[in-house]
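Numbering starts at 1 and runs along the sequence shown.
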Amino acid sequence: MGGIAIHFYPNPKLQTMFLPRKATHLVCKAKEVAHIIPSTSPTIRCSAANPSRTMVTMNKDGNGVDPHELEHIFQQKRSLRSKVRKALKTMDPFQRSQEDDAIQNTVVESSWFKASKSVCPYISSPALLEVDTSRIISEVLSSPAKERKKLYVPRVEDRNSNMKMLMISSVDDLIEKSMNILEPALLDSDGIQREDVMQASDPVDLFILPGLAFDKSGSRLGRSGGYYDLFLKNYQELTKMKRWKQPLLVALSYSVQIIEEGAIPVTPFDIPVDALVSPAGFIPISAAALRRCE
């Protein structure tokens, strides 16, 4: 086809759903620090398995946090984010399109996606250079109503890392909020409040996560807002309280986003992923992900 990638969207509105939009502003360092500092103090150490890997652990004495220790971690993250963003910006557009197709094909053809009854994917933003999710969302919305998975997508509530996952049944349920990011409206066309996944009667089977960088041990580097880490922490606590099965956490990654194991600095508040999907295919990491492959 002369190097032209062809995309198929069962719903034509999806063709314009993911057009390039303004990049979101990064949350400032003060808010990142405010989110990550708990009442019990963390301390920095190196992983015994990988001395190059910087981690933060909790002090038992509960003394105050040394801001210089946390700043060291944040500086490492900022530096890594800068490097990955540069790599994403210099990706060949045709390669990006090919990788988008390969990643989404792996997801929609997988047994773990087909078996899921409810899913929480992100809505990709070209301006943020995220792996495309339009085909994944289209796959759900184009299914017959009786067979359709429940589909919850993110809505950012504020600048303090609070996010909801609300159920949609059509692309018409999405609106442009601040920074031109597509998100679900709070109310449906009948004025009824959308179902919030935190109040749903059934568990979510699958979260499809974005990020800036990943390694094959499950570490994920986000964009510094802490939205997914906080949401996933709260949802995992909910599943434990209700004695539900924990959802599978799968991140989508371009080839340039997978970095050397141990290169991502982590804290106890960073939620690891169960698996990655890259252009090379499905990469199971956790025991839960390995079981899904069986």
Side-chain angles (χ1 to χ4, degrees), residues 22-90 122 125 127-130 154 156-163 178-179 181 209-237 249 251 253-254 256-273 276 285:
K22 294 179 183 177
T24 57
H25 297 292
L26 294 177
V27 178
C28 66
K29 177 181 71 176
K31 289 184 177 178
E32 182 181 25
V33 174
H35 167 62
I36 202 169
I37 297 177
S39 57
T40 308
S41 308
T43 185
I44 293 178
R45 66 177 177 84
C46 288
S47 165
N50 189 336
S52 66
R53 185 179 192 180
T54 307
M55 305 178 69
V56 173
T57 56
M58 305 301 294
N59 284 332
K60 295 180 180 179
D61 55 13
N63 291 332
V65 175
D66 181 352
H68 296 293
E69 294 180 340
L70 286 176
E71 176 58 28
H72 177 64
I73 291 291
F74 296 150
Q75 180 58 47
Q76 287 183 310
K77 289 190 174 188
R78 285 192 294 269
S79 176
L80 184 54
R81 287 187 184 107
S82 178
K83 291 177 182 177
V84 176
R85 285 193 183 100
K86 288 179 181 177
L88 286 170
K89 288 178 180 178
T90 57
Y122 66 94
S125 168
L128 296 179
L129 304 176
E130 293 172 326
V156 171
E157 292 298 293
D158 53 39
R159 292 180 177 270
N160 296 317
S161 303
N162 293 306
M163 180 176 75
S178 60
M179 300 172 288
I181 301 297
L209 308 175
L212 266 179
F214 311 91
D215 70 20
K216 293 182 180 180
S217 69
S219 296
R220 169 185 170 273
L221 180 70
R223 296 181 181 274
S224 83
Y227 289 95
Y228 272 93
D229 287 321
L230 181 58
F231 182 87
L232 292 172
K233 171 183 174 292
N234 291 337
Y235 191 79
Q236 288 175 342
E237 289 176 353
L249 308 182
S253 176
Y254 291 122
V256 298
Q257 293 178 280
I258 299 179
I259 62 176
E260 179 184 359
E261 187 171 337
I264 298 176
V266 296
T267 77
F269 316 103
D270 295 327
I271 305 296
V273 300
L276 299 174
I285 296 168

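Taking each heavy atom of Arg223 and Glu130 in turn, the nearest pair found is NH2-CG, 3.6 Å. The shortest non-hydrogen separation linking Val266 to Ser219 is CG1-OG, 3.7 Å. Of all heavy-atom pairs spanning Tyr227 and Val156, the tightest one is CE2-CG1, 3.6 Å. Across Leu212 and Val84, no two heavy atoms sit closer than the pair O-CG1, 2.9 Å.
Shown here are the side chain to side chain contact (heavy atoms under 4.5 Å, CB included) partners of Pro154, two or more places apart in sequence or in another chain: Met163, Met165, Tyr228. Remark: Asn234 pairs with Met198, Leu230, Glu237 by the side chain to side chain contact (heavy atoms under 4.5 Å, CB included) rule, at least two apart or across chains. Residues passing the side chain to side chain contact (heavy atoms under 4.5 Å, CB included) test with Leu129 are Leu88, Lys89, Arg96, sequence neighbours excluded. Every residue two or more places apart in sequence or in another chain that forms a side chain to side chain contact (heavy atoms under 4.5 Å, CB included) with Leu221 is listed here: Lys77, Leu80, Arg81, Ala213, Ile264. Every residue meeting the ring pair (Phe, Tyr, Trp, His ring centres under 6.0 Å) condition with Tyr235, not counting sequence neighbours, appears here in chain and number order: Phe207. Among residues two or more places apart in sequence or in another chain, the salt bridge (charged side-chain N to carboxylate O under 4.0 Å, His left out) test is passed with Lys83 by none.
Remark: side-chain polar atoms of Glu261 are not paired, donor with acceptor, to backbone N or O of Lys216 under 3.5 angstrom. A distance-only check finds no donor-acceptor pair linking the side chain of Asn160 to the backbone of Asn162 [under 3.5 Å]. The backbone N or O of Ile259 sits nowhere less than 3.5 Å from a side-chain atom of Asp215 that would complete a donor-acceptor pair. When atom types are taken as modelled, the side chain of Arg220 and the backbone of Leu209 share no donor-acceptor pair closer than 3.5 angstrom.
In this structure, CD1 on Ile73 lies 9.0 Å from CG on Asp270, to the nearest 0.5 angstrom. Of the inter-residue distances, the one linking Leu276 atom CG with Ile258 atom CD1 reads 5.5 Å to the nearest 0.5 angstrom.
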